[in-house]
Amino acid sequence: MSVNQLGVDVDRIWADVMGLAAITDPDRPYTRRSFTPRFLEGRAWLARRFEEAGLAVRIDTAGNLIGRRAGRDPGARAIAVGSHIDTVPSGGRFDGIAGVAAGLEIARALAGTELAHPLEVIDFLAEEPSDYGLSCVGSRGMSGVLTDAMLDLIGPGGEHLRDALRRVGGDPDRLNAARRHDVGAYLELHIEQGPVLESGPIDVGLVTSIVGIRRLEIVFVGAADHAGTAPMDIRRDALVAAAATVSAVRQKAEELAAAGCGYFVATVGILEVAPGGSNVVPGRTRVVIDVRTTEPALTQDFVAAIDAASLGYAHAARVERTGFATLSEGPPVACDPALRQVLRESAQALGLSATDLASGAGHDAAFMARICPSAMVFIPCRDGKSHAPEEWAEPEAIAAGTAVMLRAVQQLDRVLAHKEAT
Ligand code: HGY
Ligand code: MN
Ligand code: MN
């Protein structure tokens, strides 16, 4: 089946993806960090596209941008599709964005037809780990797990997350209004961010489960000193303890990954060194560790090992370990089997190949699964690369995944209506 027979407009989808790609920090494409003016520029652009597609647009108190299309039955639960338009620093043009563009195209492709259920297209706030240390801010809010402690997190310029949320249109004092009880199903299209589909080649991945993620922060404090005159035997170099900890993270993660008890990876993506002069002995370091697994017991094992190891490295370097904290955590989540079957049948009907696939990346769908049946459609991306400017997906692949979702939305509209009727 040619892309033009899929019932979606590949050029419209591509125009949205490339339109958002143009709204980036020019000196480090592609960057549109949540809560920044650039992000708000992207949001305003997207809100206009939602309105042009005939959607009623609002921002909920958790900061999610929601475009809603009424259904025939005013009391019916909504069918929601979406993802996120915020990026990692120097990230790609498709992670999250392809899913929002797919949702928008589904709304357009349904123009002129009436569903029993309302359709909602959602751009979730801050899916990527934000500069306040928290990811999935909007979907945590929609699923009722955005806590006061999280809102107290501090970001750039000493701003609290709760104030940043207010700045982008949310309302931290009325988060309960964002908690949804009226969503019947959630579907998300996303690039695979791995090599399986491209190497198949396979048209779509039906996600079986989404990995659990825990982010840890470790702070070491020693004493800044003159790099030229401070004798080696009295230095209290905070970077020495941090560097040993980074190596321990890699070693322990390789050990757990090789143990064969489940999927396990760990990464140190942030290492801050202060004061940061080439001729100054580092007085303070901050290490942020990203830990992912399908088996929560492995995380316990990992955290205990790094806790002990980092204390030992601090002692050996004559520095203090002043912080060892969990910034965020979420359990592994299974995608809904019935929704996956609907997606599988949808792909089959379109003559598209499909395979089951677990997700090593986190997604808003993991939080939406707390409030409604949720499932994801992966599409191939070049060399499996993501979180880098080289990230790429073919227009036809995005269109094919969108067509699978469109057909599934129409089928769910029939199935959910039937369930509500009985
Ligand atoms: O980090 C992740 O897995 C996702 O891309 N936010
Ligand atoms: Mn990402
Ligand atoms: Mn993503």
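Note that the structure is predicted; figures quoted are calculated from it, not measured. All ligand and atom numbering here is 1-based and tracks the order in the structure.
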Check: Does His387 bring an N, O or S atom to under 2.8 Å of the Mn ion (ligand 2)?
Finding: yes
Next item on the list: May I ask you to check whether Tyr30 and His387 place their ring centres under 6.0 Å from each other?
Entry: no
Notebook entry, point to check: Do any nitrogen or oxygen atoms of Ala361 come within less than 3.5 Å of a nitrogen or oxygen of ligand 1?
Noted result: no
Checklist line | Under 3.5 Å side-chain donor-acceptor pair for Thr61 and Arg174 | finding: no
Margin query: Please determine whether ring pair (Phe, Tyr, Trp, His ring centres under 6.0 Å) holds for the pair His363 and Phe378, giving the CA-CA distance in whole Å, both sets of side-chain angles, and the decisive distance to 0.1 Å.
Written below: CA-CA 12 Å; His363 299 286; Phe378 275 176; 5.7 Å; yes
Item checked: Atoms of ligand 1 close to Arg215 [distance to a heavy atom under 4.0 angstrom, numbered from 1] -> 1 (O)
Check: Quick one: are the ring centres of Tyr132 and Phe35 less than 6.0 Å apart?
Finding: yes
Check: Does a side chain donor of either Arg407 or Gln410 reach within less than 3.5 Å of an acceptor in the other side chain?
Finding: no
Checklist line | Under 2.8 Å: N/O/S of His363 next to the Mn ion (ligand 3) | finding: no
Check: For atom 1 (O) of ligand 1, which protein heavy atom lies nearest, and how many Å away is it?
Finding: Arg292 NH2, 2.7 Å
Check: Of Ser135, Gly362, Ala126, which has the heavy atom at the shortest distance from atom 4 (C) of ligand 1?
Finding: Gly362
Check: Closer than 2.8 Å to the Mn ion (ligand 2), do we get an N, O or S atom from Glu127, backbone or side chain?
Finding: no
Notebook entry, point to check: Under 6.0 Å from the CZ atom of Arg250, do we count more than 12 heavy atoms belonging to anything else shown?
Noted result: no
Item checked: Element-labelled atoms of ligand 1 that are located less than 4.0 Å from some non-hydrogen atom of His387 -> 1 (O), 5 (O)
Check: Does any donor atom in the side chain of His117 or Asp413 lie under 3.5 Å from an acceptor atom in the other side chain?
Finding: yes
Check: Among His190, Glu192, Gln193, which residue meets the side-chain hydrogen bond (donor to acceptor under 3.5 Å, both in side chains) test with Ser386?
Finding: Gln193
Notebook entry, point to check: How are the rings of Phe302 and Phe264 set to each other: parallel, tilted or perpendicular (split at 30° and 60°)?
Noted result: tilted
Check: At the Mn ion (ligand 3), what is the angle formed between atom NE2 of His84 and atom NE2 of His190, rounded to the nearest 10°?
Finding: 110°
Notebook entry, point to check: Does ligand 1 have an atom that lies less than 4.0 angstrom from a heavy atom of His84?
Noted result: no
Next item on the list: Record the part of Asp95 in heavy-atom contact with ligand 1 below 4.0 Å; permitted values are side chain, backbone, both and neither.
Entry: side chain
Next item on the list: Kindly confirm whether the Mn ion (ligand 3) is within less than 2.8 Å of some N/O/S atom in Asp95?
Entry: yes
Margin query: For N/O/S atoms only: which one belongs to Glu128 and is nearest the Mn ion (ligand 2)?
Written below: OE2
